[in-house]
Amino acid sequence: VTELHPAIIGVGLAGGFGLGKQAAIEALRVGGRPNGIVPVTDTSGQRQLPVYQVDTSPVSRFVASAALRRMNRFAKIAVLGASLALEDAGWKIPVKRDDIGLVIASGYGASKSTFDFLDSMIDGEGQFPSPTLFSNSVHSSAASHLSIVLELGGPCATVSQFEMSTISALLTAHQWLRSGDVEAVLFGAVDEVCPVLAYCYDRFFGAEACGPMEPLAWDRQTGVMGEGAAFLLLTRGTDSGHAYGHIDRLAWTRGLDVAVPRDSVLVLGADGHTCCAADYRRLAERAAAQAVYSPVYGSLPGGQAFDIAIAAAAAEQGSGFNRICSVKFDADGNCGVIECTFDRGRSESA
Amino acid sequence: MMQIDEAVPISGLGCLCAAGRSVPELAEALFAGRRCVAWRQIRGANYPVFQLDSRSVPAGYYEGAECERCGRLAIAAADEALLHAGLTGAHLQHRRVGVCLGTTVGSAMNNETFYRDFRAGRMPGIEPIRRYLRANPATMVAEAFSLTGPCQTITNACSSGGVAIGHAAQWVRAGLCDVAIAGGADMLCNVIHAGFLSLLVTDAEPCRPFDRDRRGLNLGEGAGVVVLESKQSACERDAPIQAWLCGYGNASDAYHISAPEPGGRGLRRALEQALTQAQLSPKDIDFINAHGTATPENDRVEGRLFPDMFPGVPFGSTKGFTGHTLGAAGGIEAVITVRCLQEKRMPANIGFHEPDPDFPGRPVVENTPITGRYGLSDSVAFGGNNVALIFRGQS
């Protein structure tokens, strides 16, 4: 898709690196690392699984405590990312508008609430389980809470396509802007770590799940679980004086059918998984310059949104690149391509 | 303000649910007033459900992994829709074909057996998780038909199927796809059933949409799919045009995590957007296939809003025939709406007996002729998302 170039006017990041773009840039500078531990027990005994975790306590800065009581952790992570993006764009919270679209991308949805609800079912045999946990367990719960606390009455969608969630959801954001359905889209990728996912990760990868992340060590499994939110506030780009830059092209393609523009830095979505390493490696060999940001935020399905947000923030501070081509593969050979142009020195000019 | 856009041809329909294992069977059951209620024991009590009978489910449905069932239902519905559209493997190979499907259970990681083993420290194997990772409904359909276009699984709760059709139409209009397979698929699942029981919105009797004595919904399962096609693609192969999708609206209540906004604010906006996109006024709409879950709150919102926005326009819910199929509902009801336009009649709202004095809307109580060309289908989701689709029949 090329005919419309949405402007990125706000960036919101929450992850193991901390909150906000400055924390992400600092992690990029010093090298990211996991900041949490989830204990898991598998057939070889107990292990401390390192993870990238979000501290959700600052969410109280954006949401009244009464609303927070009804909100699960998944939604709190989303609210943090979304609020930071709006704040970054200079928008007031709540937004109170009906012409803003909301698109959420998530690989696993509200996983902790899903299993908490199962707990309430199993523990309360013969009684009804918790309705609040059920309401919070559906994938759309983050979008619902966001629409309520930000007072967004516009179109809303939650997309769940594992590693292709970001490109798929951004295609929708683009279509909404293109059709004139909305004036802006608040787009975000959200995922959370929970004990069951950590157990699964450990069973899949064993000791290799302990990192450290080395996404360019193509032959080794080094992915470390991450969670967080990466939000972008997008507009049609007609008034982009204060924009980070623009999304030039979105493409859903297969295999290595990716042409990286010669003047772009290839941002690889490689996050330490050997299943996709060969695809990334072949692409990297053809690129003039490349970057990998996953050690900043960890391995999670919506990682491509973090790549775009971090690239925008780095470019703003003069430590990034003017043009990037972000590429994310899934294990089935699907590929999401997002090309962006950034204007350096946004802080000075804005 | 929504931009005026072009209608998108619908060249094929596919559906399977408790009321029928194909679109013709479903239509026959709807107009015969026949509903097939089964009973399922959940937490010590029997509840009516609308489940697929063993003759109608795809191979491997009962035997296969639970999480793959939504995808299997979607594949079966897509198979019927592609056949209906006359799209062969050769056609698909030479076109950019996308898949956009709504679901709830199909994306949920709620394998009860696995989790019970995990909780008990029995260290379950991860084969169920591998299956879950392979069970994304849109991906399963794309792989089944060797499609390489964009894939999107929408998880907007009960409006998912309608949203998926709206998004797929945008892809076709924008030239992202020549053809898009769109709709929804969902299956019965004890965990989800327990969730609706916890919300106290489940009727212990067969559901009664818009009735004074309604007590809530009955869950159902199935899949409903439409084939959307660009005008150029349809023209090139002289495709059969079943109807046109000419309006789509999507708006949020921004009100409550599980209850609709009592005044229908978000639903009204979604309906207005769909009308604007279709370049129609409310009086142009000839009938409404309502969401009509038979929960007190949902039916009150629609029962007040429809007479206000669409005075005199007949409406009814078909959930008395299909049950509430959650993420599939928008897809199944889109198929029903198009079929009603083709048959030039809409089915009676089964389960309705006594008007509710709390709202003025009265659903149709018998099969009702349709004289015009425009049918509207709406979906109202848990969490406050509202969707409206407007279809135009062939003249």
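Throughout, a chain's letter reflects where its sequence line sits, starting with A, and its residues are numbered from 1.
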K.L.:
Do the side chains of B:Arg119 and A:Leu118 get nearer than 4.5 Å, heavy atoms only?
P.N.:
no
K.L.:
Walk me through it: do B:Trp171 and A:His174 pass the test ring-ring contact (aromatic ring centres under 6.0 Å, His included)?
P.N.:
CA-CA 10 Å; B:Trp171 292 355; A:His174 184 276; over 10 Å; no
K.L.:
Do the rings of B:His167 and A:Trp176 sit parallel, tilted or perpendicular, given the 30° and 60° boundaries?
P.N.:
perpendicular
K.L.:
With heavy-atom distances below 4.5 Å as the criterion, would you say the side chains of B:Ile192 and A:Phe134 are in contact?
P.N.:
yes
K.L.:
Under a 4.5 Å heavy-atom cutoff, which of A:Ser147, A:Ser106, A:Pro155 has the most pairs with chain B?
P.N.:
A:Pro155
K.L.:
For A:Val196, is it the side chain, the backbone, both or neither that has a heavy atom under 4.5 Å from a heavy atom of chain B?
P.N.:
both
K.L.:
If you look at every heavy atom in B:Arg173 and A:Arg178, which pair is closest and at what distance?
P.N.:
O-NH2, 3.8 Å
K.L.:
How far apart are the closest heavy atoms of B:Val163 and A:Ala157, and which atoms are they?
P.N.:
CG1-CB, 4.5 Å
K.L.:
Does any part of the side chain of B:Phe382, heavy atoms only, come nearer than 4.5 Å to the side chain of A:Ser135, both counted from C-beta?
P.N.:
yes
K.L.:
For chain B, which candidate among A:Ile122, A:Asn334, A:Ile104 shows the most heavy-atom pairs at distances under 4.5 Å?
P.N.:
A:Ile122
K.L.:
Non-hydrogen atoms of chain B under 4.5 Å away: do they reach the side chain of A:Phe117, the backbone, both or neither?
P.N.:
side chain
K.L.:
Under 4.5 Å from any heavy atom of chain A, what part of B:Asn385 do you find: side chain, backbone, both or neither?
P.N.:
side chain
K.L.:
Which pair of heavy atoms, one from A:Gly154 and one from B:Arg269, lies closest together, and at what distance?
P.N.:
N-NH2, 4.5 Å
K.L.:
Contact part of A:Leu197 toward chain B, heavy-atom cut-off under 4.5 Å: side chain, backbone, both or neither?
P.N.:
side chain
K.L.:
With a 4.5 angstrom heavy-atom cut-off, could you sort out which part of A:Glu151 is near chain B: side chain, backbone, both or neither?
P.N.:
backbone
K.L.:
Which one of A:Ser141, A:Gly336, A:Pro131, A:Ser144 has the most heavy-atom pairs closer than 4.5 Å to chain B?
P.N.:
A:Pro131
K.L.:
I'd like to know if the side chain of A:Asp181 pairs up with that of B:Gln273 as donor and acceptor (distance under 3.5 Å, no hydrogens or angles considered).
P.N.:
no
K.L.:
Any donor and acceptor pair, going by atom type alone, linking the side chain of A:Ser168 with main-chain N or O of B:Cys151 inside 3.5 Å?
P.N.:
yes
K.L.:
Is the shortest side-chain heavy-atom distance between B:Gln152 and A:Met164 below 4.5 Å?
P.N.:
no
K.L.:
With only heavy atoms counted, which part of A:Thr114 is less than 4.5 Å from chain B, the side chain, the backbone, both or neither?
P.N.:
side chain
K.L.:
Can you say whether A:Ala331 sits under 4.5 Å from chain B via the side chain, the backbone, both, or neither, judging by heavy atoms?
P.N.:
neither
K.L.:
Check whether A:Ala143 gets within reach of chain B through its side chain, its backbone, both or neither, counting any heavy atom under 4.5 Å.
P.N.:
neither
K.L.:
Heavy atoms only, distances under 4.5 angstrom: which of A:Asp42, A:Asp332, A:Asp98 has the most pairs with chain B? Name it, please.
P.N.:
A:Asp98
K.L.:
Counting heavy-atom pairs under 4.5 Å with chain A, which one of B:Ser160, B:Ala270, B:Gly266, B:Pro124 comes out on top?
P.N.:
B:Pro124
K.L.:
Determine whether A:Ile148 and B:Tyr255 make a side-chain contact, defined as any pair of heavy atoms from C-beta on separated by less than 4.5 Å.
P.N.:
no
K.L.:
Sort A:Ser130 into side chain, backbone, both or neither according to what part of it lies under 4.5 angstrom from a heavy atom of chain B.
P.N.:
backbone
K.L.:
Are the side chain of B:Asn156 and the backbone of A:Cys156 linked by a donor-acceptor contact shorter than 3.5 Å?
P.N.:
yes
K.L.:
Can you give me the closest heavy-atom contact between A:Gln161 and B:Asn136, atom names plus distance?
P.N.:
NE2-OD1, 2.8 Å
K.L.:
Below 4.5 Å from any heavy atom of chain A, which atoms of B:Phe114 appear? Answer side chain, backbone, both or neither.
P.N.:
side chain
K.L.:
Please tell me if the side chains of A:Leu102 and B:Ser252 come closer than 4.5 Å, counting only heavy atoms from C-beta onward.
P.N.:
no
K.L.:
Could you look at B:Pro137 and say if it's the side chain, the backbone, both or neither that has a heavy atom under 4.5 Å from chain A?
P.N.:
neither
K.L.:
Would you call A:His139 and B:Thr104 a side-chain contact if the rule is heavy atoms closer than 4.5 Å?
P.N.:
no
K.L.:
Of all heavy-atom pairs between A:Leu152 and B:Ala254, which one has the smallest distance, and what is that distance?
P.N.:
O-CB, 3.6 Å
K.L.:
Report yes if the side chains of A:Asp119 and B:Tyr115 come closer than 4.5 Å at any heavy-atom pair, otherwise no.
P.N.:
yes
